[in-house]
2 protein chains.
Amino acid sequence: MRISSKGEYGLRALLDLAQRVGEGPIQSHDIHLRQGIDENYLNQILILLRRAGLIESIRGPQGGHRLARPPSQITVLDALLALEGPLLTFDSGRDALTPTEPMDRNLVREVWDGAREILERYLASITLEDLCQRKAQRSGAMMYYI
Amino acid sequence: MRISSKGEYGLRALLDLAQRVGEGPIQSHDIHLRQGIDENYLNQILILLRRAGLIESIRGPQGGHRLARPPSQITVLDALLALEGPLLTFDSGRDALTPTEPMDRNLVREVWDGAREILERYLASITLEDLCQRKAQRSGAMMYYI
DNA sequence: CGCATAGTCGAGTGATCCAGTCAAGTATCC
DNA sequence: GGATACTTGACTGGATCACTCGACTATGCG
């Protein structure tokens, strides 16, 4: 069970935008240069984020992308749902129709459901703002205060 | 991000064994009949469980499988690790070597690590015994007490 | 208006993984 | 020794991943 690189790349792209709120639209090329994410692949990911309403894209020269909401109102869960679809799904193979022992199957499902709920609660508790603060705090030793 | 059917089937097989502790070895064919899991596929899954030390297999006629430990000492996490390998891994695509912005990557990783820890703690808190009890309780209305 | 810039979209690809199938092998008990 | 039962490995079609590529479209500037 793994988190795809789409999830990592997408979240990093959002973090990149969150750290530059107010600087006007950020071009995907710049994100590519800073984050080292393949540019074409990044573009696909940005489309997913736009369709989910997390970012806005401005076309044409001097265009780019920016967060659709302030960083405090975008959670990691928002990003992962947009990029990877629902968490912890169980397609349960081809025998999904056999009616044998539905009891045991339901038990297993309840465990999965509980796991998903716990995971979603955790991911929904982390916003882009939190992550930016965490980053700023970590390089705090090098920061200058006025 | 999904849990494969291997995880569901394997856990159901373990539950099947847990409900028949003390009845001697249970044959994979019987599990197949009760749970409706493809017999050949089930055999592969049982091998995984045996290699992980969760069950023991007895060969020959009247052979079969049984739990290697009491149901109270086998957790859902044990089963999932045996069947699906480590939870919530992030292989992060082919660019894993580019040294750009390791900070953001680490931030994302920490979120993932936190998620995994939370998930593992939850799954490790549920034993086969818990699930059997839950099942017995649910059909409690139909039970006879001596 | 025309052109370069920049973002959008969809098709395609090799690699890997799933879920299952199949065939052959091996151990055990009667 | 033979039937039973579990083991093992190879294989397959389909799906998904992580891109790659090429064409399309919208925008702003001269």
Side-chain angles (χ1 to χ4, degrees), chain A residues 1-13 17 24-33 35-52 55-66 68 80 83-86 89-98, chain B residues 1-13 17 24-33 35-52 55-66 68 80 83-86 89-98:
Chain A
M1 183 172 42
R2 53 199 276 273
I3 296 183
S4 73
S5 71
K6 209 181 278 182
E8 184 192 330
Y9 293 166
L11 191 47
R12 273 164 63 197
L17 293 180
I26 309 290
Q27 297 169 12
S28 61
H29 184 68
D30 291 341
I31 303 179
H32 149 69
L33 287 180
Q35 300 287 339
I37 302 168
D38 178 86
E39 196 167 348
N40 293 105
Y41 196 32
L42 176 61
N43 279 332
Q44 289 188 28
I45 289 169
L46 291 174
I47 292 174
L48 289 177
L49 293 175
R50 192 178 55 74
R51 284 199 192 135
I55 65 173
E56 292 167 351
S57 304
I58 297 98
R59 305 185 121 203
Q62 278 72 51
H65 309 271
R66 66 167 166 237
L80 280 185
L83 294 161
E84 313 220 33
T89 54
F90 30 82
D91 321 326
S92 77
R94 307 173 195 172
D95 77 337
L97 300 175
T98 61
Chain B
M1 185 172 43
R2 52 199 277 272
I3 296 182
S4 74
S5 71
K6 209 182 277 182
E8 183 192 330
Y9 293 168
L11 191 48
R12 272 163 65 195
L17 293 179
I26 308 290
Q27 297 169 13
S28 61
H29 183 70
D30 291 340
I31 303 179
H32 149 69
L33 287 180
Q35 300 287 341
I37 302 168
D38 178 86
E39 196 166 349
N40 293 106
Y41 195 32
L42 176 60
N43 278 333
Q44 290 188 28
I45 289 169
L46 291 173
I47 291 174
L48 289 177
L49 294 175
R50 192 178 54 75
R51 284 200 191 134
I55 64 173
E56 292 167 350
S57 304
I58 297 99
R59 307 185 119 203
Q62 278 72 50
H65 309 271
R66 66 168 166 237
L80 280 186
L83 295 160
E84 312 219 33
T89 55
F90 31 83
D91 321 326
S92 76
R94 306 171 197 172
D95 78 337
L97 300 175
T98 61

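Scope of the values below: all heavy atoms of this structure, side chains included, with no hydrogens, waters or symmetry mates.
Residue B:S5 has no polar side-chain atom (N or O) positioned under 4.0 Å from OP1 or OP2 of C:dC18. Within the 4.0 Å cut-off from OP1 or OP2 of C:dG7, at least one side-chain nitrogen or oxygen of A:S28 is found. Distances shown here put every side-chain N or O of B:R59 at or beyond 4.0 Å from the OP1 or OP2 atom of D:dA3. Distances shown here put every side-chain N or O of A:R2 at or beyond 4.0 Å from the OP1 or OP2 atom of C:dC18. Taking side-chain N and O atoms only, A:S4 has a distance below 4.0 Å to OP1 or OP2 of D:dA18.
Closest to the B:Y9 side chain, of the nucleotides C:dA27, C:dG20, D:dT8, is C:dG20. When the nucleotides D:dC21, D:dC6, D:dC17 are ranked by their closest atom to the side chain of B:Q27, D:dC6 comes out on top. Each of D:dC19, C:dG7, D:dT4 was ranked by its minimum atom distance to the side chain of B:P61; first place goes to D:dT4. When distances run from any side-chain atom of B:R51 to the nucleotides C:dG20, C:dG7, D:dG9, the shortest one goes to D:dG9. The side chain of A:Y41 lies closest to D:dA18 when the candidates are C:dT21, D:dC21, D:dA18. Closest contact between the side chain of A:R50 and the listed nucleotides D:dT7, C:dC9, C:dC22 involves C:dC9.
Straight-line distance from the CG atom of A:L83 to the P atom of D:dC17: 12 Å, rounded to whole Å. Rounded to whole angstrom, the span from the CD atom of A:E56 across to the P atom of C:dG7 amounts to 15 Å. Look at CD on A:E8: it is 15 Å from P on D:dC17, rounded to the nearest Å. Atom CD1 in A:I31 sits roughly 14 Å away from atom P in C:dA6 (whole-Å rounding). Going from atom NE2 of A:H32 over to atom P of D:dT20 covers 11 Å, rounded to whole Å. What separates CG of B:L48 from P of D:dC6 is a distance of 17 Å, to the nearest Å. Between the CG atom of A:N43 and the C1' atom of C:dC9 there is a distance of 10 Å, rounded to whole Å. One atom, CG of B:L42, and another, C1' of C:dG20, lie 12 Å apart when rounded to the nearest Å.
Remark: A:L46 CG to A:H32 NE2 distance equals 12.5 Å, nearest 0.5 Å.
End-to-end axis angle for the helix from C:dC1-D:dG30 to C:dC30-D:dG1, using five pairs per end and rounding to 10°, comes out at 0°.
Under the 3.5 Å distance criterion, the side-chain polar atoms of B:R50 are left unmatched by any main-chain donor or acceptor of B:S57.
Backbone-only contact: B:H65 has heavy atoms under 4.0 Å from sugar-phosphate atoms and none from a base. Residue contacts for A:L46: at a heavy-atom cut-off of 4.0 Å it reaches no nucleic acid atom on any strand shown.
Nearest heavy atom pair, residue B:L42 against residue B:A13, reads CD1-CB, 4.0 Å. Nearest heavy-atom pair, A:G7 versus A:L80, reported as atom, atom and distance to 0.1 Å: CA-CD2, 4.0 Å. For A:Q27 against A:G63, the heavy-atom pair with the smallest separation is CG-O, 3.1 Å. Looking at every heavy atom in both residues, A:K6 comes nearest to A:L83 through CD-O, 3.6 Å.
In this model, a side-chain donor or acceptor of A:Q44 finds a partner on the base of D:dT20 within 3.5 Å.
Contact check for A:H29 versus A:L33: side-chain heavy atoms found under the 4.5 Å cut-off. Side-chain contact between A:I26 and A:H65 is absent, with no heavy atoms from C-beta onward closer than 4.5 Å.
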